[in-house]
2 protein chains.
Amino acid sequence: MTTREELRTIALAEFAAAGYGATSLQRIAELAGVSKSSVLYHFDSKEHLLEAAIGPAIDRMHVVLAPLEAGGMGDQRAFLEAFVDFLLEYRLEVNMFINQGPSLVDVPVIERANELVRQLAEFFAANTGSLEEKMRFGIALGGAAYMLCSVQTFDLTQVETLDETRAALIVILTDLLG
Amino acid sequence: MTTREELRTIALAEFAAAGYGATSLQRIAELAGVSKSSVLYHFDSKEHLLEAAIGPAIDRMHVVLAPLEAGGMGDQRAFLEAFVDFLLEYRLEVNMFINQGPSLVDVPVIERANELVRQLAEFFAANTGSLEEKMRFGIALGGAAYMLCSVQTFDLTQVETLDETRAALIVILTDLLG
DNA sequence: TGCCAAACTGACCGATCGGACAGTTTCTGA
DNA sequence: TCAGAAACTGTCCGATCGGTCAGTTTGGCA
């Protein structure tokens with residue numbers, strides 16, 4: 001792994017765990033075993049580091065949500081599975097989007113993520129009627145993101161395979177969303 | 001409302017929204033229309049302000065979780081309703097506990113909250129068997145906390161009554177947890 | 001009215017922050 | 001081997017941070 005890649009990985013984990021604003025470049029540097037200046041050699045600024053860290057997830061989310069722009073989610077099951085796969089692969093990023101998105105609107109890359117979250121929420125709001133259905137969607141999105149980032153809290157540290165997690169998550173979300 | 005009370009309220013909202021570490025005393029002071037020194041007149045330190053902000057929720061959570069220490073939740077329905085009421089009243093605090101708890105273990109008052117979250121999680125882990133059931137619990141807790149703090153995102157800003165929200169949440173969590 | 005406590009303030013402190021920049025070291029390819 | 005680019009570093013900067021402290025203002029009560 002290159003230094004740049006290691007910094008990206010460490011930054012993502014720290015930004016997700018402690019928050020972007022509360023994570024210092026010095027901390028990221030120490031965790032990577034390099035100087036802070038070295039971090040700034042690879043990334044022009046803290047904001048550029050954030051962009052590099054979460055950029056791929058945003059690009060991917062664009063693709064996953066593309067069906068919504070065409071006016072519908074097409075095959076609901078296929079959409080749900082694609083979204084679950086997205087969650088499984090980008091659980092840290094999604095956790096950041098939903099928990100830190102509202103307070104980091106001044107950061108352009110986060111606002112891109114906020115747009116996507118809004119798009120998803122608006123699609124569901126337009127296609128659901130009752131208070132309960134809207135709440136179910138919020139719980140599904142926030143709950144899945146939180147749960148996937150909290151495996152230790154919930155005794156999910158046994159070596160279950162990704163496939164088992166995926167299958168269970170699809171069942172649960174199907175239950176929740178109908 | 002006294003200045004002290006206003007500061008508590010503003011601090012809680014800011015700590016929950018932006019994160020404890022990323023919220024400055026100066027910002028809280030500005031939102032309250034007083035000087036930072038005035039904040040420190042009322043609360044000896046940032047940490048004491050945090051304790052004052054989330055202390056009541058922790059005390060209350062102790063009470064709500066008391067049945068678990070007796071080895072069971074007693075009447076499951078009653079426990080669920082008590083917990084939902086707790087969530088509805090302390091949604092900001094709970095959101096802080098679950099999202100910021102893991103990264104603020106050095107703050108004693110947060111660690112008290114972490115203990116309670118662990119207690120709740122361990123109770124469910126001991127009383128559930130499958131991966132799916134454990135995941136359901138994580139999704140229920142994280143999802144409800146997130147959803148209740150994100151009413152604007154999910155088009156829940158209509159003037160639904162607290163009773164309707166409560167009723168729907170109980171139905172959803174009952175579905176989720178069985 | 002006057003005293004004292006409560007409430008509030010601005011100036012200051014040392015520490016930390018993101019970032020600039022010149023200097024040093026390492027790597028690569030001819 | 002050597003030159004130049006890549007990678008890395010330490011020092012420095014201005015800004016912000018939590019907190020200290022002496023001074024000022026306000027409120028309450030005798």
(request) Considering only NZ, NE, NH1 and NH2 on the basic side and carboxylate oxygens on the acidic side, decide whether E89(A) and R60(A) come within less than 4.0 Å. (result) no
(message) Looking at dA6(D), I'd like to know if its phosphate oxygens (OP1 or OP2) sit under 4.0 Å from a side-chain N or O belonging to H42(A).
(response) no
(message) Using whole Å, what does the distance between atom C1' of nucleotide dC8(D) and atom CZ of F43(A) come to?
(response) 15 Å
(request) Flag this pair as yes if the NZ/CZ of K36(B) is under 6.0 angstrom from the six-membered ring centre of Y41(B) and inside a 45 degree cone about the axis; otherwise no. (result) no
(message) Whole angstroms only, please: what is the CD-C1' distance between Q26(B) and dC17(C)?
(response) 16 Å
(message) Nearest to the K36(A) side chain among dA7(C), dT9(D), dG19(C), which nucleotide is it?
(response) dG19(C)
(request) Determine the contact category for T23(A): base if any of its heavy atoms lies under 4.0 Å from a base atom, sugar-phosphate if only primed atoms, P, OP1 or OP2 are that close, otherwise nothing. (result) sugar-phosphate
(message) Taking the minimum atom-to-atom distance to the side chain of S37(B), which one of dT9(C), dC17(D), dG19(C) wins?
(response) dT9(C)
(message) The side chain of S38(B) is closest to which nucleotide in this list: dC17(D), dC8(D), dT9(C)?
(response) dT9(C)
(request) Establish whether the base of dG18(C) is bridged to the side chain of S45(A) by a donor-acceptor pair shorter than 3.5 Å. (result) no
(request) For L25(B), answer base if it contacts any base atom (sugar-phosphate contacts may also be present), sugar-phosphate if it contacts only those atoms, and nothing otherwise; contact means non-hydrogen atoms under 4.0 Å. (result) sugar-phosphate
(message) Between S24(A) and T3(B), which residue's closest nucleotide on DNA chain C lies nearer the 5′ terminus?
(response) T3(B)
(request) Using atom CD of E5(A) as one end and atom P of dA7(D) as the other, report the distance to the nearest whole Å. (result) 14 Å
(request) Provide, to the nearest angstrom, the distance between the OH atom belonging to Y20(B) and the P atom belonging to dC17(D). (result) 14 Å
(request) From the options dC8(D), dA6(C), dG19(C), select the nucleotide whose nearest atom is closest to the side chain of Y41(B). (result) dA6(C)
(request) Take atom NE2 of H48(B) and atom P of dG18(D), then tell me their distance rounded to the nearest Å. (result) 15 Å
(request) Consider only side-chain N and O atoms of Q26(A) and E30(A), and report whether a donor and an acceptor are under 3.5 Å apart. (result) yes
(message) From CG of L7(B) over to P of dA6(C), roughly how many Å is that when rounded to an integer?
(response) 18 Å
(request) Give a yes/no verdict on a cation-pi contact between K46(B) and Y20(B), requiring under 6.0 Å between NZ or CZ and the six-membered ring centre and an angle within 45° of the axis. (result) yes
(request) For L40(B) and dG10(C), give me the distance from atom CG to atom P, rounded to whole Å. (result) 14 Å
(request) For the side chain of K46(B), starting at C-beta, report the closest nucleotide among dC17(C), dG19(D), dA7(C). (result) dG19(D)
(message) Would you say CZ of R112(B) has more than 12 non-hydrogen atoms from neighbouring residues, nucleotides or ligands within 6.0 angstrom?
(response) yes
(message) In this structure, how many angstroms lie between the C1' atom of dG18(C) and the CD1 atom of I28(A), rounded?
(response) 11 Å
